[in-house]
A.B. asks: 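Below you will find the structure I want to go over with you.
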Amino acid sequence: SVEYILSANYEENDGYQFFDDGMLNRAINLTGTATPSLTDTITFNLGVSDGRVNIGQADDLDNLFSPREHSTNYQHLSWTHIVDESNEIKLNFTHNYVDLDTPKAPVAEVLAIELGVDLAVAEFALQFDPTFIPLAGTEQYIGTEHGVTELYDIELQHSIDNSSEIKSVWGIGYRTESAESEVLLSGLGKVKADKWRLFGNTQWQPNSKLTFNLGGMFEKSNLANTRFSPRIAANYAISNSLSVRTAVTQAYRTPSLLEKNSNAIFFDNTGNPWDIVTQPDPNLKPEKLTSYELGLFKLWPDSKSHLDIRIFNEQISGAIDDKFEVGTGDVDDRSRRASNTAFWRNVGAELQAAYRPTAASLLLFNYGYNNVKGERDRGTRGIDSLDDAGSPPSARSPLHTASMLLTSEIESGTYASLGQYFMSSVNWLEGGYRSTFQRTDFVLAKEFQLSYNSSLETKLVVQNLFDSEYEDFYPYNIFDRRTFLQLKLSY
């Protein structure tokens, strides 16, 4: 038998009131499941989309936005085969294709934004040569950005469950990626990355109270040397309603194609470099994460309530960030390259508490604390602190986050929820410093049964109920009260 869902969507908006950052997206998706036999299941997910997004920096009201057109398609296929009661095989295949294009005539404002120079410098360049061509031998003007990326991934996984004490899963996978962009990968043509991975995890339960998990993954890529990422975890049930857990993890993040190969150079019409924006780093290595965590879980079965607490210590070393250099001899005599120049440590805790006053209501509370200490070497721009200390703080994540949600079924088919959200001040990497904020959301929903197989759901959503305006990420992205009315017809 085959079951499938075919969907299409169209989305368009004019963007934020201060910027021309509108967007348009059209998409068609097909999702389905086929069961050719009792032991085989095939799932598929296919889709295509196209449209445009106006892109630019939203940290200054004078910044301009340029339309970037996109065309994408993806395919994901999965086959699961039950060999016997103890063995299962799963094969996954994924393909993803993205084509981005920013056609733009050579105007001074766009030239200044693209090259990061003053408007006067851009105007002078255009007076010197109004047909300024950034890439020698091409027909592309400054402001044009065209790039194509493509990914293929295949993975074979084998699950084994032939013992009440031991369960295992292992697998092998291969991924190949390619990218091509005359602006971001100047003169390199198509760059590729091939990555093999071998992974496995074993769960061992020697008795009813103690469970161990031991896993790891080998990765081999032409972007970095072979790396092994291990993880060991243990869970101990003190009683039927109280357990503790701990885990130690070491993992690596391989540099992306763009981080490893970024080579953005703009040329004048004689073929000489006019502005060297980025250069590749042949010695770029993977980022390393070492993590330790300890957790406790308490359950109150009678009220279906629970408390989950986790404390953690994470250290990121050799993190990839931009390092600036001078002496390039171009228009601004500087460039940047992705390098292993940052490190930081996260020490914190997470808490979730759930309480059910009645069978039809739930009170959920979440809290997170993350204290960051570290720095990044920006080369000629100096060393930036990533610590929470200071005023304003320079940490790239908030020290405190919290949320509380109350949901209740008022009567049969009618639901209401009230949410409260809080985040302390933070200095986002791209968006800058944002002060502490909190907001309240309210949702009222009612479902009408139209027939035995169809229903209509109406939902009133009010975000920032008390209109406590705050800046969300960018300084001019003001989040005020927003009200939505949603209708959902099921048949």
Side-chain angles (χ1 to χ4, degrees), residues 9 11 13 15-17 241 295-312 348-371 388 393 395 397-428 431 433-450 454-490:
N9 72 280
E11 183 179 2
N13 64 62
Y16 193 56
Q17 58 180 324
S241 60
L296 179 144
F297 183 82
K298 171 63 177 176
L299 176 68
W300 288 271
D302 293 340
S303 61
K304 297 182 180 179
S305 305
H306 72 261
L307 174 66
D308 193 351
I309 301 175
R310 169 181 174 260
I311 58 175
F312 59 87
E350 295 175 344
L351 178 149
Q352 182 183 87
Y355 171 62
R356 289 191 175 275
T358 67
S361 59
L362 170 66
L363 178 62
L364 184 66
F365 174 76
N366 289 277
Y367 170 75
Y369 171 84
N370 186 25
N371 192 332
D388 274 303
S397 67
L399 183 64
H400 305 282
T401 57
S403 66
M404 185 169 61
L405 178 68
L406 174 62
T407 64
S408 180
E409 183 178 13
I410 301 174
E411 59 182 33
S412 180
T414 304
Y415 305 86
S417 68
L418 189 67
Q420 183 72 24
Y421 305 93
F422 169 85
M423 187 179 76
S424 62
S425 59
V426 62
N427 198 349
W428 296 122
Y433 175 74
R434 303 276 76 81
S435 59
T436 297
F437 81 86
Q438 56 181 325
R439 88 177 203 213
T440 306
D441 292 356
F442 173 75
V443 177
L444 179 64
K446 184 172 180 59
E447 185 175 356
F448 300 91
Q449 196 69 34
L450 303 180
S454 63
S455 63
L456 175 66
E457 182 187 61
T458 61
K459 184 180 292 185
L460 174 67
V461 180
V462 183
Q463 297 177 339
N464 200 359
L465 179 64
F466 300 110
D467 202 20
S468 302
E469 294 185 352
Y470 64 92
E471 294 177 330
D472 186 11
F473 195 73
Y474 283 119
Y476 304 103
N477 189 13
I478 299 174
F479 201 107
D480 50 10
R481 182 191 293 127
R482 303 176 184 184
T483 304
F484 304 89
L485 180 61
Q486 300 175 354
L487 302 176
K488 180 180 179 182
L489 177 63
S490 301

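For the single chain, residues carry numbers from 1 onward in sequence order. Just the heavy atoms: all of them, side chains too, but no hydrogens, waters or symmetry mates, feed the values below.
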A.B. asks: Given side chains that start at C-beta, do those of Lys298 and Ser241 come closer than 4.5 Å, heavy atoms only?
C.D. replies: yes
A.B. asks: Return the minimal non-hydrogen interatomic distance between Glu469 and Ile478, and the atom names on each side.
C.D. replies: OE1-CG2, 3.8 Å
A.B. asks: If you compare all heavy atoms of Ser417 against all heavy atoms of Leu405, which two are closest, and at what distance to 0.1 Å?
C.D. replies: CB-CD1, 4.2 Å
A.B. asks: Under 4.0 Å between a Lys/Arg side-chain N and an Asp/Glu carboxylate O for Arg439 and Asp441?
C.D. replies: yes
A.B. asks: If you measure from CG on Leu418 to CZ on Phe442, what distance do you get to the nearest 0.5 Å?
C.D. replies: 7.5 Å
A.B. asks: Between atom CD of Gln438 and atom CE of Met423, what is the distance when rounded to the nearest 0.5 Å?
C.D. replies: 12.0 Å
A.B. asks: Taking all non-hydrogen atoms of both residues into account, name the closest pair between Leu299 and Pro301 and its distance.
C.D. replies: O-CD, 3.4 Å
A.B. asks: Supply the atom-to-atom distance Ile311 CD1 to Glu350 CD, rounded to the nearest 0.5 angstrom.
C.D. replies: 11.5 Å
A.B. asks: Report yes if some heavy atom in the side chain of Tyr369 is under 4.5 Å from a heavy atom in the side chain of His400; otherwise report no.
C.D. replies: yes
A.B. asks: Could you state the interatomic distance from CH2 (Trp428) to CD (Glu471), rounded to the nearest 0.5 Å?
C.D. replies: 14.0 Å
A.B. asks: Measure the spacing between CZ of Arg310 and CG of Leu351 and express it to the nearest 0.5 Å.
C.D. replies: 12.5 Å
A.B. asks: Is the positively charged end of Arg482 above the ring of Phe479, judged by distance under 6.0 angstrom from the centroid and angle within 45° of the axis?
C.D. replies: yes
A.B. asks: Any luck finding a side-chain donor-acceptor pair between Gln420 and Thr440 under 3.5 Å?
C.D. replies: yes
A.B. asks: Quick one: CZ on Phe448 to OG on Ser454, what's the gap to the nearest 0.5 Å?
C.D. replies: 13.0 Å
A.B. asks: Does Phe297 form a side chain to side chain contact (heavy atoms under 4.5 Å, CB included) with Leu307? I'd like the steps, not just the answer.
C.D. replies: CA-CA 6 Å; Phe297 183 82; Leu307 174 66; over 6 Å; no
A.B. asks: Quick one: are Tyr470 and Thr436 in side-chain contact, heavy atoms under 4.5 Å?
C.D. replies: no
A.B. asks: With the side chain counted from C-beta on, respond yes when Leu460 and Thr483 share a heavy-atom pair under 4.5 Å apart, and no when they do not.
C.D. replies: yes
A.B. asks: For Pro398 versus Val426, what's the shortest heavy-atom pair and its separation?
C.D. replies: N-CG2, 3.6 Å
A.B. asks: For Gln352 and Asn366, which I'm curious about, is there any donor-acceptor pair between the side chains at under 3.5 Å?
C.D. replies: yes
A.B. asks: Stepwise, does the side chain to side chain contact (heavy atoms under 4.5 Å, CB included) test hold for Leu363 with Met404?
C.D. replies: CA-CA 7 Å; Leu363 178 62; Met404 185 169 61; 3.9 Å; yes
A.B. asks: Could you walk me through whether Asn370 and Thr401 pass side chain to side chain contact (heavy atoms under 4.5 Å, CB included), step by step?
C.D. replies: CA-CA 9 Å; Asn370 186 25; Thr401 57; over 6 Å; no
A.B. asks: Looking only at heavy atoms, which two atoms of Pro357 and Tyr355 are closest? And how far apart?
C.D. replies: CD-O, 3.3 Å
A.B. asks: Please give me the minimum heavy-atom distance between Glu411 and Glu409, naming the atom from each residue.
C.D. replies: O-CG, 3.1 Å
A.B. asks: Would you indicate whether the side-chain heavy atoms of Pro475 and Arg434 approach each other to under 4.5 Å?
C.D. replies: yes
A.B. asks: Within a strict 4.5 Å, meaning less than it, do heavy atoms of the Leu444 and Ile410 side chains meet?
C.D. replies: yes
A.B. asks: Is Val443 close to Tyr415 at the side-chain level, that is, under 4.5 Å between some pair of heavy atoms?
C.D. replies: no
A.B. asks: Does any non-hydrogen side-chain atom of Asp472 lie less than 4.5 Å from one of Phe437?
C.D. replies: no
